[in-house]
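Reviewing the structure listed below.
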Amino acid sequence: MSEIIMNKISAKVREAGVVGAGGAGFPTHVKLAAKAELVIVNAAECEPLLKTDQQLAACHPELLVKGLTLAMEATGAPKGIIALKAKYKDAIAALEPYIMNTDNLEIAIMPDIYPAGDEVITIWLTTGRRVPPGGIPLNIGVVVNNVQTLINVARAVKGTPVTTRTLTVTGAVKVPKTVTVPIGTSLRDVLELAGGIDQDLTYLSGGPMMGTLITDLSTPVTKTTGGLIGLPKDHPLIKRKSMTVETVLRIAKTVCEQCSFCTELCPRHIIGHELSPHRLIRAVNYKNVGNPSLVTSTLTCSECGVCEAYACPVGISPLRVNMALKAELRAKGIKYQGELGKVDPMAKHRLIPSSRLMDRLRLRPWYKEAPLSLEVYQPEEVTLKLQQHIGAPAVPVVKVGDVVSVGQLVGEIPVEVLGARVHASIGGTVTQITPQTITIRKGGAAK
């Protein structure tokens with residue numbers, strides 16, 4: 001495949017503002033400008049309750065496969081793998097006709113475990129390759145994208161920018177469903193689609209393991225909003241996520257018994273990374289005393305939540321301690337310099353069955369169908385964040401009072417700067433611009 005074609009695909013993806021829809025929002029055009037041996041579709045969707053990727057794969061198999069083949073063309077990868085779980089039967093049935101007569105595409109079935117959706121674990125389970133600690137998949141010749149990202153890639157090459165987001169709204173909401181909304185739609189509006197706001201519930205953005213508490217329902221949907229989950233205010237997950245860092249550190253100092261369960265079940269540790277949550281707790285309790293490499297290994301934590309939500313028998317949150325320590329190390333510009341060790345011989349037996357995790361998290365009462373709605377919701381107003389991705393925020397290219405149409409560029413990224421473009425997700429008038437956002441209202445007038 002010629003360099004011209006590969007660059008053209010990456011350029012189209014950049015123009016469309018595509019970012020990783022399943023994680024922190026790394027700009028996809030950067031991945032597609034690299035060279036790789038293998039492209040993996042991460043369709044595991046391991047967070048309990050969420051259903052978006054499996055539903056999109058079943059509904060749009062042709063777009064997913066097209067996005068995968070375009071990513072392979074762009075990176076020069078001769079092989080593509082769609083990694084999902086056996087229980088996603090509708091997705092598998094929909095995808096099989098598109099790959100059965102190909103030599104370079106395959107479906108890889110992963111066990112129904114958590115965290116199969118972590119790209120490092122996905123790569124290891126499907127290929128046996130291991131990403132080095134502090135490294136990225138490209139270090140071992142692999143590019144990983146999730147389902148919604150590659151569907152957006154397929155649309156981008158046809159000239160359609162990213163203006164909508166599909167997400168699951170579930171938990172204790174009245175009508176669990178998977179909806180598609182214009183980016184910038186408020187979470188309050190999204191909840192109305194699932195039966196309305198319940199004052200007895202607290203809401204999480206994302207999944208129950210890695211999601212964050214929502215304190216303001218006017219917060220807009222972004223390109224990376226993975227889900228919206230409502231749970232009773234007294235649910236253990238809500239209580240844990242509501243704890244302050246100071247409380248977490250105080251509990252860690254007083255009750256950690258160094259049982260090492262958190263380390264034995266840490267997905268990064270079992271595949272050979274130095275990361276050892278129980279030793280990090282000990283180091284923090286004694287003012288970071290310990291091997292400097294051990295302390296900086298916290299930078300390799302994926303924040304999957306296994307240590308706090310499943311492993312610890314006394315309610316400590318090694319995750320929150322790691323997050324606090326990571327922030328401190330990054331502020332000082334410190335990087336991890338360790339090497340990849342041996343795989344735990346019991347590694348595959350230490351991964352957590354999804355059904356067991358569901359029970360441990362006390363989510364079984366809310367494990368319900370959340371059917372995919374094909375209708376795209378149309379709000380009266382959207383607020384577009386200028387930074388919905390890793391890198392620099394986009395720069396507004398419109399002004400208050402401008403009338404814009406769906407898909408029109410409203411936020412640009414300078415050449416050679418890591419970032420992603422932002423496009424109008426509804427037609428209307430730009431009513432407000434701040435350093436962080438652009439607000440558009442249907443037929444609205446400038447304020």
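Values below: all heavy atoms of this structure, side chains included; hydrogens, waters and symmetry mates excluded.
There is no side-chain donor-acceptor pair under 3.5 Å between His423 and Thr163. A side-chain donor-acceptor contact under 3.5 Å links Thr244 and Thr247. Ser297 and Thr300 are not linked by any side-chain donor-acceptor pair at a separation below 3.5 angstrom, with hydrogens and angles left out of the test. A donor-acceptor pair shorter than 3.5 Å cannot be found between the side chains of Thr170 and Thr168.
The structure places OG1 of Thr212 at 7.5 Å from NZ of Lys241, a figure rounded to the nearest 0.5 Å. The structure places CZ of Arg165 at 11.5 Å from NZ of Lys223, a figure rounded to the nearest 0.5 Å. Atoms CG and CD1, from Leu231 and Ile238 in turn, are 5.0 Å apart once rounded to the nearest 0.5 Å. Separating the CG atom in Leu150 from the CD1 atom in Ile40 is a distance of 11.5 Å, to the nearest 0.5 Å. Separation of atoms CZ (Arg360) and OG (Ser355) is listed at 11.5 Å; rounding is to 0.5 Å. Atom CD1 of Ile81 sits about 10.5 Å away from atom CE of Met110, to the nearest 0.5 Å.
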Requested in this report: Could you walk me through whether Thr166 and Thr180 pass the side chain to side chain donor-acceptor pair (under 3.5 Å) test, one step at a time?
Outcome: CA-CA 4 Å; Thr166 301; Thr180 299; 2.8 Å; yes

Requested in this report: Assess whether side-chain contact (heavy atoms from CB on, under 4.5 Å) is satisfied between Val395 and Leu386, documenting all intermediate values.
Outcome: CA-CA 7 Å; Val395 178; Leu386 291 168; over 6 Å; no

Query raised in the report: Are Asp344 and Arg350 close enough, and set up right, to give a salt bridge (Lys or Arg N to Asp or Glu O under 4.0 Å), and what steps lead you there?
Result: CA-CA 9 Å; Asp344 184 330; Arg350 297 192 192 280; 3.0 Å; yes

Report task. Using the side-chain contact (heavy atoms from CB on, under 4.5 Å) rule, take Leu191 and Asp198 through it: C-alpha gap first, then chi angles, then the decisive distance, then the call. Result -> CA-CA 9 Å; Leu191 284 171; Asp198 187 333; over 6 Å; no

**Report entry** From CA spacing to verdict: salt bridge (Lys or Arg N to Asp or Glu O under 4.0 Å), Glu246, Arg250
**Finding:** CA-CA 6 Å; Glu246 291 75 21; Arg250 186 174 65 252; over 6 Å; no

Report task. Under the side-chain contact (heavy atoms from CB on, under 4.5 Å) rule, what do Leu275 and Leu280 come out as? Steps first, then yes or no, please. Result -> CA-CA 8 Å; Leu275 181 64; Leu280 282 165; 3.5 Å; yes

Report task. Starting from the C-alpha separation in whole Å, work towards a yes-or-no answer on side-chain contact (heavy atoms from CB on, under 4.5 Å) for Glu45 and Tyr88. Result -> CA-CA 10 Å; Glu45 199 159 40; Tyr88 301 159; 3.9 Å; yes

Report task. Mind running side chain to side chain donor-acceptor pair (under 3.5 Å) on Thr263 and Ser260 for me, showing each step along the way? Result -> CA-CA 5 Å; Thr263 295; Ser260 79; over 6 Å; no

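Cation-pi contact between Lys51 and Tyr367: present, with separation from the ring centre below 6.0 Å and deviation from the ring axis of at most 45°.
Of the possible donor and acceptor atoms, none in the side chain of Tyr114 sits under 3.5 Å from a partner among the backbone N and O of Pro48. Using a distance-only test at 3.5 Å, with no hydrogens or angles considered, a donor-acceptor pair links the side chain of Thr126 to the main chain of Thr122. Judged purely by atom type and a 3.5 angstrom limit, Lys233 uses its side chain to pair as donor or acceptor with the backbone of Gln199. Checked by atom type and distance alone, the side chain of Asp90 never pairs as donor or acceptor with a backbone atom of Gln55 at under 3.5 Å.
Side-chain atoms of Leu357 and Tyr310, non-hydrogen and from C-beta on, do get closer than 4.5 Å to each other. With a 4.5 Å cut-off on side-chain heavy atoms, Ile316 and Glu308 do not count as touching. With a 4.5 Å cut-off on side-chain heavy atoms, Lys335 and Thr296 do not count as touching. With a 4.5 Å cut-off on side-chain heavy atoms, Met358 and Leu49 count as touching. Residues Cys59 and Leu374 have side chains in contact (heavy-atom distance under 4.5 Å, counting atoms from C-beta outward). You'll find the side chain of Leu294 reaches within 4.5 Å of the side chain of Glu274, heavy atoms only. Here the side chains of Ile183 and Val162 are in contact, with some heavy-atom distance below 4.5 Å. For the pair Glu37/Arg129, a side-chain contact is recorded, criterion being any heavy-atom separation below 4.5 Å from C-beta on.
Across every non-hydrogen atom of Leu38 and Ala77, the tightest pair is N-CB, 3.7 Å. In terms of heavy atoms, Leu361 sits closest to Ala309 at CD2-CB, 3.7 Å. Shortest non-hydrogen contact noted between Ile140 and Pro132 is CG2-CD, 4.2 Å. When all heavy atoms of Leu384 and Ser425 are compared, the pair lying nearest together is CD2-OG, 3.7 Å. Listed here is the closest heavy atom pair of Leu418 and Pro27: CD1-CG, 3.7 Å. Counting all heavy atoms, side chain and backbone alike, Leu217 lies closest to Ile214 at CD2-CG2, 3.8 Å.
Applying the side chain to side chain donor-acceptor pair (under 3.5 Å) test to every pair with at least one member in residues 142-154, sequence neighbours left out, gives these pairs: Asp53-Asn146, Asn146-Thr149. Listed by first then second residue, pairs satisfying salt bridge (charged side-chain N to carboxylate O under 4.0 Å, His left out) with a partner in residues 109-127 read Lys85-Asp112, Lys87-Asp112, Asp118-Arg268, not counting sequence neighbours.
The number of heavy-atom neighbours closer than 6.0 Å to NZ of Lys326, taken from other residues, nucleotides and ligands shown, is above 12. Under a cut-off of 6.0 angstrom, the local environment of OH in Tyr98 is crowded, with over 12 non-hydrogen atoms contributed by other residues, nucleotides or ligands. More than 12 heavy atoms of other residues, nucleotides or ligands sit less than 6.0 Å from atom CG of Asp234. In the displayed structure, Glu62 atom CD is contacted under 6.0 Å by more than 12 heavy atoms of other residues, nucleotides or ligands.
Taking 4.0 Å as the cut-off between side-chain N and carboxylate O, Glu369 and Lys177 do not count as a salt-bridged pair.
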